[in-house]
Structure formats: structure tokens, C-alpha cells
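Reading through the C-alpha cells given below for one structure.
We use all heavy atoms of the structure for the numbers below, so side chains are in, but hydrogens, waters and symmetry mates are not.
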Protein chains: 2
Amino acid sequence: MTTLKELAALLNISVSTVSKALNDSHEISEKTRIRVKELATKLNYKPNRIAQQLKNNTSKTIGVILPTVTNPFFAEVLHGIEMAATNNNYDIIVCLSNETLHKEKRSLSLLSNGSVDGFIIAVARESQVKNQTDHIEAIIKSKIPVLMFDRVVNGIECNKVIVDDFQSVYEATKHLIVNEKRKNILLVSNIEELSVGQLRISGYSKALEDYKLTPNILKLDNAVDIEVEKKIYAYLKDNTSIDAILSIDHITGIVAINMAKRLGKEIPKDLSVVGFGYDHTQLLSSPKISIIHQKAHKIGEMSTKLLIDSVKDQTLKTQTIVVPSELKLSESTK
Amino acid sequence: MTTLKELAALLNISVSTVSKALNDSHEISEKTRIRVKELATKLNYKPNRIAQQLKNNTSKTIGVILPTVTNPFFAEVLHGIEMAATNNNYDIIVCLSNETLHKEKRSLSLLSNGSVDGFIIAVARESQVKNQTDHIEAIIKSKIPVLMFDRVVNGIECNKVIVDDFQSVYEATKHLIVNEKRKNILLVSNIEELSVGQLRISGYSKALEDYKLTPNILKLDNAVDIEVEKKIYAYLKDNTSIDAILSIDHITGIVAINMAKRLGKEIPKDLSVVGFGYDHTQLLSSPKISIIHQKAHKIGEMSTKLLIDSVKDQTLKTQTIVVPSELKLSESTK
DNA sequence: TTGTATGCGTTATCAT
DNA sequence: ATGATAACGCATACAA
């Protein structure tokens, strides 16, 4: 890598002159400025980022800590973060907690040494279940800005970007009741222990309460693969009065459609299905599932902007932004 | 952030003594070592990473450039990369090219200033289609190690981790012909312009040739959403002799199953379906699709290890590692 | 055993 | 208009 020193030596001038020339200082003569720039271009000189970071005491880098990236929600959020960061000339260092507390702790700790100017984080499942979040508060106390999105800890004061989990599910349930005239709506959940899961269940419960219907909740308890199918199939077989399904994740709705079809049910005549979903969710189901579409990309973008703002001006008041979801009905139920 | 200087001042000793004490130098007395470490712990001292990087002329960071992360293949690769990097005490800076040449160029350029010690890259669709890869060669010439995975440029000499695209599709096709006695196998492709797409098509073609069957290829030409369904539905409707489908991506196989069912076909009796897939692919289809399961996680891990090796010892010879895929049959066809 | 000096690459300040 | 020097925080060769 070419350095200022090397350029200076080749040109027989001082390092500081080279530096100033490259930064278009008014002090430098047209002639030498051109001479310097030509050589710099020729040798493909680039200011060493590390040195600049040391000098400026800023890394222009954001630490992004995600529970996982194979969940399409987080993948899409990451996409949004990356775009917004790039647009603001920030890099992102990505760490995956794998839903574990210890990895989350470790990542926060390792990066809070000047590597990043701030953090964007969605809390790991384990941290949230055990309600252990001291490590995050410690970071905030050390004056490194933290932004939490989606999985949020209420007790912590920092910027937050959240989804309208309660409201969107309330509206979707209401839609099933009022517009589609459904009476026995089953909620299928595989994330009941997460804050977002609880909010979604609350939205459903409130809607049923408001319309004086009885709630039916099928908790899958973190089931994997074939177990998911079996449990849903068994439930639908034993409870034939179910006329609508509301899945609060992005998998079980599609599985429910497949199981209902296997049981000979016609969709959406016998059964309406609403789930959470992303870009390809509707493409993968047939008949089309209706989805609550979270604006994951936007969540990433807004999180990044908000964090960068608070990095640049630490005196800003913290705020919580709610990104509304969109209910995308399948063609057949419109 | 606490610095060595601050510790030194508080302890009334020199900076270098503090530094040595913290690094367990034999030169330092037990007594002061303990004194120093106690204060360091108390003040939560962490060596400034940026300064260390400048001093050591190494960032312990890998630049990861992916076309996208919403594709589950790349998401899972990223997961593997992150894990392996963490295990080796490396950070990763992630950039997304969004399949475009200019963003790929930009990311490489911005990070090749000391920010990273090496790159892991899967070439963007546009770069591959236009066959423009000078920017990558330039990085290699500048002595920054580069590892390419999956989407690989043959002309470039560097470490590579690839999938057995040709072989796995050949074997899957052979399985359909020999074990499942299929005669009219349709290949469905939405990625025919990528190197991997071409390899997969070649594997299919070779198998058909070996068994003297006629190839049928449905190229979707980057169709999105509902178009995918329409094209597949139309083809299956017009070509009733098709008795097997081989999808070379992770979406169209599931769509094909749904369309076939809509046409009243029984799976797998009338139609066998094989696609590419990942963790949840089989769960989302009913009846279950058979999948060629790429070891995406392993690809990420091996790429990272190989890159770190070449970062540590630049004299190592480059190699190309092939990570074999696994054909996972659906229960029904076993 | 401890301390001083130097340098990593850059930029800002202060001479010349 | 150009150059010398110091500083960011750390680590190390070299003195003491």
C-alpha cells in the first residue's frame, strides 16, 4: 500500500505538503498539487483508513448484532441496514448471536473498543427469555450509542425501531372476523416466548375479546421440521370447526395451508389463512396465503439513519419509531 | 474509553510499564503487574483496536462481499463465515453488491485501504454476465488475498470454494432416470445466465445424453413473483408428458409442485420433483420436494478458514475446494 | 525491573 | 508555498 511518506520521497517534498495537496488545501500551489495528484493516481494511493480512524477517534463503522440471518426477516433488515450505511459512508461489522446470550455479550464486548461508533441490535432469544440485558446497558453507559429494533428491551432507554406487532395482528384478526365472517380463528405460534410473539398474541386476544369470540391458540413450543407439520395436522383434524388460521411467524402459515389441503379443506372457502411474510412467502403458497408484511427493509434503513444521527449528535433525545406493517390479502380473498 | 496513558498517570508509572504489565511481560514485577491489572479491570480498560491495527499493520477483519443476503443460500453461507471468523478472532465487514457491478467495485475499492486483511466474495450477477472482473484482479495484484466462492471467475488465480454443481445435478438426474424410471424430465431454470446455472444445466444435459433422452428446458428469464407461476403452469398444461421436474434454484421447485397439484397431478406418482434447497425448503412443500442440499454453512466455514490461512501465509499455493452437495429424497420417493 | 524513545499513517498546528 | 513537529493509542527496541 502506498503511503504519504512514499509519495513524498518520490517527489522530494515533505509529507505534510503531500497531505495538504491531496486534500486541496489553499496553501498549496496549483503546480505541486497537480504533480502530487498525478503520482497518487498513478500509484493508486488511498489514505490508510486505520490511520484516519486513529487520528479522528471515529471508525465510521456500525456494529450490527443479529440473532440470525437465515430468518428472512433479519436478512431483509440487514439489507436495509447495509444500504443505508453505504449511503452514509459507514461500514458495518456484522455479528450473529445465534440467539445466545453469551455470543451477544461477547460480540458487544469485543467491538466496544473503538471498532465501531455505535450498535444496532436485535436482542437474542436467550437474553430476552432470561431477561438478562445488563451487557447492553453497560454499553450505553459507556457512551456508545445503541439502537434496538424489533426485539426490544422496554426497561432500557435508547433509540428503538419497532413493528406494530399488536396493532397489525389486531387488524388482521378483525379483518377475518368482520370482512371474512370467521368465527373460529386459530392462532398458531412458534415464537410465543419472544416479546414480539407476546405482542402478536395480545393483538389477537384483544380482537377476539372485542368481538366476543373464543380464542384458540396452538403453541408449537419451538418445534422443528416435521414436528410442525404433525402438530398442525393433528390440531386441524381434531378441531374441524376452525375456519381461519392466523400464523404469527413466516413458516407455519404455509404449513397450515398444506395441511388443510391434505385434510380436504378448500381455501379460502373453508379456511382463511393469514401469516407473517416477506418477499417470497406468497409465491411459495398455493392457494396464496394472506400476509402481514413487515417492512423489514425499511426497519433496517430507519434504524441505521437514527443510529447515525445519534452518533453524530450524542445530545439528541432518544425516540421510538413504529414502522407499520401492511396486510397483503391474497387475490382470492380480496 | 480508558487508555494506557490514563492508567499510567493514575498509577504514577510509565505507559510502557503499563503496557508490558497488561501483556504479562516477564520484565514486570508481580506486584506492579497486579496493581496495573486491578486498575485496568476496575476502569474496564480495553486496548484500542484501531491503534493496535495501525501498529501491527493488520486489521484482523475480513471483507465479505455478497450479491444478496435475502437468498437463503447466501444467508447460510454468511452464517458459516461469521462463525468461522469469530472462532479465529476475526471480524467481518459485510457489503452487499445487490448483484450490481458498480456496487461490487465500490465495496472492494473502499475496503482495500487497510480496512480488511482479505476478501471473501461471490461475484455479482452483473459482473458475471458482463464478464467484467478487472476490479477483482486488481485487488489480488495489490497483494490482498481474495477467496471466491460459488460464483467463481475461472480466469482468476486465487483460492476458491465451489459447489459440485455439475456433478450433483448429474446424479440427481440420473436418480430420476434410473431409480424413478422417469423419461420426460423438465429442467426449470431461473438462473441460466450464472456460471452455476450453466454448470447445473450441463449436468442435466449430460445425464440425458448418457441415457439417450430428450432434454426439456424451461428458462424463466429472471421472472418474478406471479410470472413464475404462470410460466410453469402454462408449460405443464401444454406438455402433459412431463413426468419429472428438476428445478435448479430454491423457489421454482416448490412452485412447480403447487402448479402440478392445481393441474390435478399426483406427486410423486405422476410427477417427481427435485429442486435445490436449504433448511426449510422441504417443510414448505407438500408433498415434500426432494432437494439437492448444498452445504452452504460448510462453504462459508471452509472459505473463511482458507482465506485466513492465506492471509497468515501469503506464500501458500492457491487451491480450489469442492464441497459436495447431498441429495435429500422426500420420504415418499425413498 | 522500570522508563525513554520511536514508529505505524494521517492530519492539524505552527514555523519558515 | 512549503516544511517540521506533534498527536491519536499502542507496542517494542533500547537505555538506565
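- Side-chain atoms of A:S14 and base atoms of D:dA4 include no donor and acceptor less than 3.5 Å apart.
- As a whole-Å value, the separation of B:L22 CG from D:dA11 P is 8 Å.
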**Message:** I'd like to know whether B:V123 forms a side chain to side chain contact (heavy atoms under 4.5 Å, CB included) with B:V153, so could you lay out the CA-CA distance, the side-chain angles of the two residues, the decisive distance to 0.1 Å, and finally the verdict.
**Reply:** CA-CA 8 Å; B:V123 181; B:V153 181; 3.8 Å; yes
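- Across all strands, B:T3 comes closer than 4.0 Å only to sugar-phosphate atoms, never to a base (heavy-atom distances).
- One can place CD1 of A:I13 at 11 Å from C1' of D:dA1, the figure rounded to the nearest angstrom.
- Using a 4.0 Å cutoff on non-hydrogen atoms, the parts of residues 33-56 of chain B near DNA chain C are B:L54, B:K55, ordered by number.
- Going from atom CG of A:L7 over to atom C1' of D:dT2 covers 16 Å, rounded to whole Å.
- Taking the six-membered ring where the residue is Trp, A:F149 and A:F73 present tilted rings, their angle falling between 30° and 60°.
- Not counting sequence neighbours, A:K60 has no partner by the salt bridge (Lys or Arg N to Asp or Glu O under 4.0 Å) test.
- Base engagement by B:S19 is indicated by at least one non-hydrogen atom pair under 4.0 Å involving a base atom.
- Inspection of the B:T100 and B:S97 side chains reveals no N or O donor paired with an N or O acceptor under 3.5 Å.
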**Request:** Just do the side chain to side chain contact (heavy atoms under 4.5 Å, CB included) check on A:I321 and A:I162 with the steps written out, would you?
**Result:** CA-CA 6 Å; A:I321 296 180; A:I162 56 175; over 6 Å; no
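- Closest approach to the A:T17 side chain among D:dG3, C:dT4, C:dT10 is made by D:dG3 (side chain taken as heavy atoms from C-beta onward).
- When each of B:S25 and B:N57 is assigned the nucleotide of DNA chain C bearing its nearest heavy atom, the one mapping closer to the 5' terminus is B:S25.
- Using a 4.0 Å heavy-atom distance criterion, B:S29 is classed as a sugar-phosphate-only contact.
- Rounded to a whole Å, the CE atom of B:M1 is 8 Å from the P atom of D:dG9.
- For C:dA5, neither phosphate oxygen OP1 nor OP2 lies less than 4.0 angstrom from any side-chain nitrogen or oxygen of B:S16.
- At least one side-chain heavy atom of A:I299 sits under 4.5 Å from a side-chain heavy atom of A:V323.
- Rounded to whole angstrom, the span from the CG atom of A:N113 across to the P atom of D:dG9 amounts to 13 Å.
- Residues B:N48 and B:M1 form a side-chain contact, since some pair of their non-hydrogen atoms from C-beta on lies under 4.5 Å apart.
- Among the atoms of the strands shown, only primed sugar atoms or phosphate atoms (P, OP1, OP2) are found under 4.0 Å from some heavy atom of A:K5.
- Between the CG atom of A:N23 and the P atom of C:dT10 there is a distance of 10 Å, given to the nearest Å.
- Rounded to an integer number of Å, the gap from B:K60 NZ to D:dC10 P is 18 Å.
- Between B:E27 atom CD and C:dG3 atom P the separation is 12 Å, expressed in whole Å.
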